[in-house]
Amino acid sequence: MQYRNLGHSGLKLSVVGLGSWLTYGGNVGADTARACVLRAWERGVNFIDTANVYAHGAAEEVLGPILKELNRDALVLATKVYFPMGESVNERGLSRKHIHDQLHHSLRRLQVDYVDLYQCHRYDLTTPLEETCEMMNDLVRAGKILYWGVSEWNADQIAGAVTLCRARGWAVPVSNQPQYSALWRRIEERVLPMSEEYGIGNVVWSPLAMGILTGKYTDAKNPPAGTRAAGANADMMEDYFTQPVLDAVQKLKPLAQKAGCTLGQLALAWCLRRPSVTSVIVGATKVEYIDDNVAAADLKLTPTIFEEMNQILEPVTPHEPYIS
């Protein structure tokens, strides 16, 4: 396993992290979740990411007892706040109240005294940025969180938060959690350059494009039973679950063979080629998936491999207007 500093902070994360979106507390049982977490830990993964909204708190509840089996001082535990957790108007967003209440609930579910990284899950247009930043600073000073970051904020929003915190002498955000893969590149135009300028580390989600970049899908009209593309969350993949995309992914197989790795490992290494990407967050429903994903951390690939990969994928990669 390799480790990178999270932005300009001193915190070091494994370049492959374990996430819990759409898995733990939902589609994956507690025993399997435990087996996956422990196997990841064995393989050197020190970064575990979750959120209060994942399975409406159940993901954190499943992780809580498992985390007690790990060395807390070695663990980098991250969770998030923003999305609605109740019906009232104050049970959502990034107000001081909602952040306060939800951190309390997350700590209880996770069975810990603090979280290492607390992330604002989206930007809140209804709350003053100053209120959110000051609250995050207060939580850092209180020792309830050690670092704070954001998820899916655009370049201007992140730069604004960093600038405000620096001016006030508050704890600055150190991370961003955006979607990023060889099939979803919209952060490359502005977010990644901004990250390098402002010292933000990116812990990216869906680096395998919802599993498409593993090569397991070949027919867009008939995805294998039991896969995400055949289930209730298939609509999340509609931007790039097309036959031209699937055909292009199959054309990557000779590249993976040349590199001595699987398609999934190649896709993760592609993300990690960027120095502003600290870690790729992967989900796992089986222990063997952990082993396959973690192996990407130690790949030493030449830029030529990535250039050939881009030549194959860029013609079919969805290109929406850059909003980042």
Side-chain angles (χ1 to χ4, degrees), residues 5-13 17 20 46-54 56-57 59-61 63-68 70-86 88-124 126-153 157-158 160-177 198-201 203 278-279:
N5 282 65
L6 184 59
H8 283 178
S9 79
L11 186 65
K12 294 176 173 61
L13 272 59
S20 56
N46 75 343
F47 173 43
I48 296 178
D49 177 77
T50 189
N52 62 340
V53 76
Y54 294 169
H56 204 73
E60 291 180 330
E61 289 178 343
L63 284 171
I66 303 170
L67 298 181
K68 288 186 173 297
L70 311 182
N71 176 0
R72 181 66 185 94
D73 292 349
L75 172 66
V76 178
L77 176 62
T79 191
K80 309 180 192 73
V81 60
Y82 168 80
F83 285 106
M85 292 297 288
S88 80
V89 293
N90 286 314
E91 292 179 282
R92 63 201 65 207
L94 297 177
S95 68
R96 175 175 285 272
K97 175 173 175 55
H98 187 59
I99 292 172
H100 170 274
D101 294 346
Q102 288 306 310
L103 178 60
H104 171 78
H105 296 317
S106 288
L107 293 176
R108 172 179 51 80
R109 288 189 291 258
L110 290 164
Q111 301 181 36
V112 295
D113 296 323
Y114 68 94
V115 293
D116 300 274
L117 178 63
Y118 202 38
Q119 301 159 103
C120 298
H121 212 159
R122 292 293 187 275
Y123 192 83
D124 186 358
T126 70
T127 297
L129 179 62
E130 183 176 29
E131 179 176 337
T132 299
C133 291
E134 185 178 22
M135 182 56 177
M136 288 298 181
N137 178 70
D138 289 347
L139 292 175
V140 170
R141 302 305 175 212
K144 295 297 184 180
I145 66 175
L146 302 187
Y147 303 87
W148 75 278
V150 303
S151 177
E152 294 291 355
W153 286 27
Q157 291 164 347
I158 297 171
V162 173
T163 301
L164 173 61
C165 289
R166 286 175 177 173
R168 298 297 179 86
W170 295 339
V172 299
V174 299
S175 68
N176 178 37
Q177 186 172 138
Y198 285 85
I200 299 294
V203 290
T278 301
S279 185

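Atoms considered below: every heavy atom in the structure, side chains included; atoms not considered: hydrogens, waters and symmetry mates.
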| Is atom NE2 of His100 surrounded by more than 12 heavy atoms (other residues, nucleotides or ligands) closer than 6.0 Å? | no
| request: Give the minimum heavy-atom separation between Val81 and Gly93, together with the two atoms involved. | output: CG2-O, 4.4 Å
| task | Return the minimal non-hydrogen interatomic distance between His98 and Tyr82, and the atom names on each side. | result | NE2-O, 3.9 Å
| query | Is any side-chain N of the basic residue among Arg96 and Asp138 closer than 4.0 Å to the acidic one's carboxylate O? | reply | yes
| Hey, does Asn52 have a side-chain heavy atom less than 4.5 Å from the side chain of His105? | no
| query | For the residue pair Gly7 and Thr278, what are the closest heavy atoms and their distance? | reply | N-OG1, 3.9 Å
| Is there a side-chain contact (heavy atoms from CB on, under 4.5 Å) between Leu6 and Leu117 once you walk through the steps? | CA-CA 10 Å; Leu6 184 59; Leu117 178 63; 4.2 Å; yes
| query | Only one of Ile158, Val174, Thr163 forms a side chain to side chain contact (heavy atoms under 4.5 Å, CB included) with Tyr198, so which one is it? | reply | Thr163
| remark: When rounded to the nearest 0.5 Å, the distance separating CZ of Arg109 from NE2 of His104 is 10.0 Å
| message | side-chain contact (heavy atoms from CB on, under 4.5 Å), that's the test. Do Ile99 and Leu94 meet it? Break it down for me. | response | CA-CA 6 Å; Ile99 292 172; Leu94 297 177; 4.2 Å; yes
| query | Met136 and Cys165: side-chain contact (heavy atoms from CB on, under 4.5 Å), yes or no, with the steps? | reply | CA-CA 10 Å; Met136 288 298 181; Cys165 289; over 6 Å; no
| message | Just verifying a value: how many Å separate Tyr118 OH and Thr79 OG1, rounded to the nearest 0.5 Å? | response | 6.5 Å
| Less than 4.5 Å apart, any side-chain heavy atom of Leu67 and any of Arg72? | no
| message | For the backbone of Pro128 and the side chain of Glu131, can you confirm whether one donor and one acceptor N or O come within less than 3.5 Å of each other? | response | no
| query | Between the side chain of Ser279 and the main-chain N/O of Leu13, is any donor-acceptor distance below 3.5 Å? | reply | no
| said: Hydrogens and angles aside, do Glu60 and Ser106 bring a side-chain donor and acceptor to less than 3.5 Å of each other? | reply: yes
| request: With the side chain counted from C-beta on, respond yes when Pro84 and Glu91 share a heavy-atom pair under 4.5 Å apart, and no when they do not. | output: no
| message | I need the Asn46 CG to Asp116 CG distance, nearest 0.5 Å. | response | 9.0 Å
| field | Atom pair CZ (Phe47) and CG (Leu77), whose distance is rounded to the nearest 0.5 Å | value | 9.0 Å
| task | Quick one: pull up NE2 in His56 and CE in Met85 and give me the separation to the nearest 0.5 Å. | result | 4.5 Å
| Are Thr50 and Leu110 side-chain neighbours, meaning at least one heavy-atom pair lies under 4.5 Å? | yes
| Minimum heavy-atom distance between Ala171 and Trp148, given as atom pair plus value | O-NE1, 2.8 Å
| Is the closest side-chain heavy-atom distance between Asp49 and Gln119 below 4.5 Å? | yes
| said: For Asn71, I'd like to know if atom CG has over 12 heavy atoms of other residues, nucleotides or ligands within 6.0 Å. | reply: yes
| query | Nearest heavy-atom pair of Gly10 and Asn5: which atoms, and what distance? | reply | CA-ND2, 3.6 Å
| message | Measuring from atom CD1 of Ile145 to atom CG of Leu139, what distance do you get when rounded to the nearest 0.5 angstrom? | response | 5.0 Å
| said: Would you say Tyr54 and Lys80 are linked by a side-chain donor-acceptor pair, where the criterion is simply a distance under 3.5 Å? | reply: yes
| query | Closest approach of Ser95 and Asp124, non-hydrogen atoms and distance? | reply | N-OD2, 4.2 Å
| task | With side-chain contact (heavy atoms from CB on, under 4.5 Å) as the test, would you mind laying out the steps for Cys120 and Trp153 before giving the verdict? | result | CA-CA 9 Å; Cys120 298; Trp153 286 27; 3.7 Å; yes
